[in-house]
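For clarity, every value in this text was computed on a predicted model and none was experimentally measured. We use all heavy atoms of the structure for the numbers below, so side chains are in, but hydrogens, waters and symmetry mates are not. Just so we're on the same page: letters track the sequence lines, and every chain starts at 1.
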Amino acid sequence: MRNAEIASVLNELADLMELHGEDRYRIARYRNAAASVEHYTEPVEDLAREGRLQEIRGVGESIGGKIAQYLETGRISALDALRRKISPAAVTLMNLPGIGPKRALLFTERLNVKTIADLERAIESGEVAALPRVGEKTAAHILEEIRRLRGRSARLPRGVARSVAEEVVRELKRCKAVRQCTPAGSLRRMKESVGDIDILVSSAEPGAVMDAFVRLPSIREVLAAGETRASVVTHADVQVDLRVVSPASYGAALQYFTGSKAHNVKLRTIASGMGYKLNEYGVWEGDRRIAGRTEEGVYRALGLTWQPPEVREDTGEVELAIKGRTPSIVALDDIHGDLHAHTRLSDGADTVEEMVHAATRAGYAYLAITDHSQALGVARGLTEDELRAEHALIRRLNETAKGVRVLCGVEVDIRVNRKLDCSDAFLSECDVVVASIHSAFQRGRAEQTARLVAAIEHPGVDIIGHPTGRMLGKRLGYEIDLGAVLDAAARTGTALEVSAQPERLDLNDDAIRAAVARGVMLAINTDAHHRDQLALMRFGVATARRGWAPRQLVLNTKSRDQIVRWLRERRARARVSVA
DNA sequence: GCCGTTTTCGGCCCGACTGTTTTCAGTCG
């Protein structure tokens, strides 16, 4: 799959076009197409082979032709021509904060800057500050940004971002001038990682809020601070942007700062088509504000139904909103249980009883205990006899327990040789079987795909755990042919997990969308290793919502009776195959 | 360059902040 590579080439083309001073709408088309390609779940090279490139949103004849040329020859003649005219160094510089196309060209052409290190030297020598329309402060600011960027990882995992945001919101709410206060931006859209944190406040006294904000104890540095907007960096090196509006504009500002940008552009186009103007202060008919206090009101004024933040990525939700609909997607309240959890018998921290107690408090109807099978030595994997002893304990618990039904399970290892780490007979005795890959991540795509497909087709397996094995910010996961894996899951009815662990979120949103398109069953599980981790469910649900997963395709939205029946039918098949 | 509640051609979102200016260009979101 070369989608990321193709997207990056299209983005470079857009950057060069911008430097070259081309029409901004044309440039926007290239960036738009790059984003579509990046999130496309099928390999774009397959579409190219079948002459179907124009099925990608935002790809027409011209961009489609360039993609085809790139895939055939490894080059794009238009890109080569631009590269001859404009130094590639300008592209590098333009992607630094504080530098846009104008300054990038100024630095490369007037000062012959080729690298970021060159630029640092030019700033230190005073050459940059001497350029027209630059000056001391701008030069110093750019230098600061370069140094700050060097010590920082690009994006924050959402779990970390969430806690930073909650801390800032808690501190801000102590200020009396603050009326409403909430995180917006990609954090509110529940993206798996965020670039910076956006906080929105409504207040009748913006000045007082701004004063309080830039003095918060968690803040290390103020990057910019105006009357209604400020950017700061926390001690944890996270950028936080604050925006203050009046209560009458809160809904419009919330809509605006939640984004995504593409979603907003669509809404503004609709507004202008109706003779209105949409900005962060409201929906305007002339200078009369006809909506703005609530987000719902803003959508309503534009003749649209409100859309959940998770789907606001301009991937079809605006078109639904026009028709008066919202995507039918799973919600946290729909979840009735968790089908993947560990205890201290393998690598968890708590006992079966403690996990069950936590599930009861969560209001669940069922909880599957799925400790590791023996191959996973690092996780103190259990032998079949040890697992049987655990299952006996669980059955005794079920006899006396009211409320939560505990399911006897296992997380069985998928070995390198495609075999499972437990006997077929043992698997057929379990209530539920999760099969996962925990070893040999470096095998090639064909081999990993075959490994997963073998597990999916195994009659004793109900769910594939964390199907791609990725760890956000740590490793990419093993390479698989996602289409082939999804097809196998659709064919056999085996569910694929959406791991709610914030560093996994695996499957991710794009893959979920592709799974949903094929009718693949999903299971949103926490893979809890501690009783408190059952609460991670909301991250998994948020990811499933971003992937437009409907309740009907999420296994653990079933009631206790339904899940028992579903699993029993699969068990029956497993036993037939053993016999 | 793409695309359609208008539109197969003519549109294509809008405002805040900074710094260098002295009325606004550049950048960002």
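As rounded to the nearest Å, B/dC12 and B/dT18 have C1' atoms that lie 28 Å from one another. Comparing the C1' positions of B/dT8 and B/dC3 gives a spacing of 9 Å, expressed to the nearest Å. Atom name C1', nucleotides B/dG11 and B/dA16: the rounded distance is 26 Å, in whole Å. Distance check on atom P: B/dG29 versus B/dT21 gives 24 Å, rounded to whole Å. The same atom, C1', is picked in B/dC17 and in B/dT23; the two are 16 Å apart, to the nearest Å. Using atom P as the reference point in both B/dT5 and B/dC13, the two lie 15 Å apart (nearest Å). Here, B/dT7 and B/dC2 have their C1' atoms 13 Å apart, quoted to the whole Å. Rounded to whole Å, the P atom of B/dT20 lies 13 Å from the corresponding atom of B/dG26.
For the contact set between residues 244-268 of chain A and DNA chain B, defined by any heavy atom under 4.0 Å, the members are A/Tyr256, A/Lys261, A/Val265, A/Arg268.
Chain A approaches DNA chain B within less than 4.0 angstrom (heavy atoms of the protein), and the contacting nucleotides run 5' to 3' from B/dG1 to B/dG29.
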Side chain to side chain contact (heavy atoms under 4.5 Å, CB included), that's the test. Do A/Leu119 and A/Leu93 meet it? Break it down for me. CA-CA 9 Å; A/Leu119 180 61; A/Leu93 298 188; 4.0 Å; yes
Could you walk me through whether A/Ile67 and A/Leu10 pass side chain to side chain contact (heavy atoms under 4.5 Å, CB included), step by step? CA-CA 8 Å; A/Ile67 295 175; A/Leu10 291 176; 4.2 Å; yes
Kindly indicate, with the supporting measurements, whether the criterion side chain to side chain contact (heavy atoms under 4.5 Å, CB included) is fulfilled by A/Thr182 and A/Tyr250. CA-CA 10 Å; A/Thr182 189; A/Tyr250 188 72; 3.0 Å; yes
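When heavy atoms are screened at a 4.0 angstrom cut-off, A/Thr228 is found touching the sugar-phosphate backbone but no base atom. Looking at heavy-atom distances under 4.0 Å, A/Arg24 makes no contact with the nucleic acid at all. Across all strands shown, A/Gly273 has heavy atoms under 4.0 Å from base atoms, whether or not it also approaches the sugar-phosphate. A/Ile27 comes within 4.0 angstrom of no nucleic acid atom, judged by non-hydrogen atoms across all strands. Counting any heavy atom pair closer than 4.0 Å across all strands shown, A/Ala28 reaches no nucleic acid atom. Nucleic acid contact class of A/Pro132 (heavy atoms, under 4.0 Å, all strands): none. Using a 4.0 Å heavy-atom criterion, one finds that A/Leu96 contacts the sugar-phosphate atoms exclusively.
For residues 58-71 of chain A, no residue pair satisfies the salt bridge (Lys or Arg N to Asp or Glu O under 4.0 Å) rule, not counting sequence neighbours. Listed by first then second residue, pairs satisfying side chain to side chain donor-acceptor pair (under 3.5 Å) with a partner in residues 222-232 of chain A read A/Ser231-A/Asp241, not counting sequence neighbours. Pairs passing the salt bridge (Lys or Arg N to Asp or Glu O under 4.0 Å) check and including a residue from residues 302-315 of chain A, sequence neighbours excluded, read A/Arg57-A/Asp314, A/Arg189-A/Glu313, A/Lys266-A/Asp314, A/Glu295-A/Arg312, A/Glu310-A/Arg545, A/Glu313-A/Arg546. Sorted by first then second residue, the side chain to side chain donor-acceptor pair (under 3.5 Å) pairs that include residues 88-110 of chain A, not counting sequence neighbours, are A/Asp15-A/Asn95.
Mapping A/Lys102 and A/Ile56 onto DNA chain B by nearest heavy atom places A/Ile56 closer to the 5' end of the strand. Along DNA chain B, the nucleotide closest to A/Tyr25 and the one closest to A/Gly135 are compared, and the more 5′ of them pairs with A/Tyr25.
For CD of A/Glu166, the number of neighbouring non-hydrogen atoms (other residues, nucleotides, ligands) closer than 6.0 Å is greater than 12.
Between the side chain of A/Ser249 and the main chain of A/Tyr281, a donor-acceptor pair closer than 3.5 Å is present.
B/dT8 is unpaired under the criterion used here, namely a Watson-Crick or G-U wobble arrangement in which both key atom distances are under 3.5 Å.
Using a 4.5 Å cut-off on side-chain heavy atoms (C-beta onward), A/Val209 and A/Leu242 make contact.
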